[in-house]
Amino acid sequence: QELEEEIYDKVVDLTEYAKRQRWWNGLFGKNSGPLAEKYSVATQLAVGGLSGWCAGYLFQKVGKVAATSVGGGLLLLQIANNSGYIQVDWKRVEKDVNKAKKQLKKGTNKAGPEINTFVEKSTEFVKKNIVVTSGFIGGFLLGLAS
């Protein structure tokens with residue numbers, strides 16, 4: 001246990017030494033901790049809100065284009081089917097859909113470890129940067145509405 005404490009003290013001393021070096025400050029700035037330690041609450045809210053609004057606005061536009069494309073494609077397929085240009089084997093479609101449902105039911109019980117790791121990292125980020133995250137969520141919702 002004493003060895004662990006000694007190693008920990010040396011690592012802490014090394015990080016403090018690195019923070020005092022020019023290259024460290026040039027690369028990471030004077031304070032390389034969480035955003036909450038670097039900027040004021042107003043700045044964090046503004047940055048989070050602006051980036052959230054941009055993301056929400058783009059999400060809205062891309063979503064509309066994607067929905068229009070998928071809906072238009074299905075409409076054209078249905079028109080072509082009713083006009084006799086194409087024929088759909090509905091029994092085969094139903095068989096393939098049921099097969100896909102069975103495969104999905106088997107796979108839903110096993111969540112991969114990479115998903116759990118991603119969720120844990122995301123939760124940690126949100127806890128450390130709650131003000132920026134709040135601004136982002138608000139801006140995202142405003143971007144979706146505009």
Side-chain angles (χ1 to χ4, degrees), residues 1-82 86 88 90 92-146:
Q1 192 172 14
E2 290 177 20
L3 180 63
E4 287 179 7
E5 289 177 9
E6 185 178 330
I7 291 172
Y8 178 77
D9 290 339
K10 287 182 180 180
V11 170
V12 170
D13 291 341
L14 181 63
T15 56
E16 292 302 319
Y17 172 77
K19 284 183 180 181
R20 287 191 298 264
Q21 301 304 311
R22 278 185 160 171
W23 64 270
W24 182 273
N25 291 335
L27 188 62
F28 297 108
K30 294 270 185 204
N31 185 2
S32 62
L35 286 175
E37 297 174 6
K38 289 184 184 179
Y39 302 106
S40 69
V41 174
T43 304
Q44 292 179 56
L45 280 174
V47 168
L50 184 64
S51 60
W53 183 84
C54 291
Y57 186 76
L58 287 173
F59 188 79
Q60 174 199 32
K61 296 299 179 187
V62 170
K64 281 183 181 179
V65 169
T68 303
S69 300
V70 170
L74 290 174
L75 179 67
L76 287 175
L77 280 175
Q78 191 62 31
I79 290 172
N81 184 32
N82 287 338
I86 60 172
V88 178
W90 290 109
R92 185 173 177 189
V93 170
E94 185 178 353
K95 185 178 87 173
D96 289 344
V97 167
N98 288 334
K99 184 178 176 183
K101 280 183 187 178
K102 288 178 185 176
Q103 287 178 346
L104 283 174
K105 284 182 181 178
K106 287 180 185 177
T108 53
N109 295 335
K110 305 172 196 169
E114 61 274 353
I115 293 175
N116 293 333
T117 305
F118 177 74
V119 169
E120 289 171 5
K121 287 181 180 179
S122 301
T123 304
E124 183 180 336
F125 176 81
V126 169
K127 286 180 182 178
K128 285 184 178 178
N129 301 298
I130 190 71
V131 178
V132 174
T133 306
S134 301
F136 182 86
I137 291 171
F140 186 83
L141 294 175
L142 286 173
L144 281 178
S146 63

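Side chains included, hydrogens not; waters and symmetry mates left out as well; all remaining heavy atoms used.
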Side chain to side chain donor-acceptor pair (under 3.5 Å) contacts touching residues 51-72 (sequence neighbours left out): W53-S146
pair E124-E120: side-chain heavy atoms closer than 4.5 Å: no
For the student: nearest non-hydrogen atoms of [X] and [Y], plus distance:
| X | Y | value |
| --- | --- | --- |
| N81 | I86 | OD1-O, 3.3 Å |
| V93 | V88 | CG2-CG1, 4.0 Å |
| F136 | A55 | CZ-CB, 3.9 Å |

Rounded to the nearest 0.5 Å, what separation is found between the [atom1] atom of [X] and the [atom2] atom of [Y]?
| X | Y | atom1 | atom2 | answer |
| --- | --- | --- | --- | --- |
| K99 | E94 | NZ | CD | 15.0 Å |
| N82 | Q78 | CG | CD | 5.0 Å |
| T133 | Q44 | OG1 | CD | 9.5 Å |

Contacts of type side-chain contact (heavy atoms from CB on, under 4.5 Å), residue V47, not counting sequence neighbours: T43
From I137, L144, L142, residue fulfilling side-chain contact (heavy atoms from CB on, under 4.5 Å) relative to F140: L144
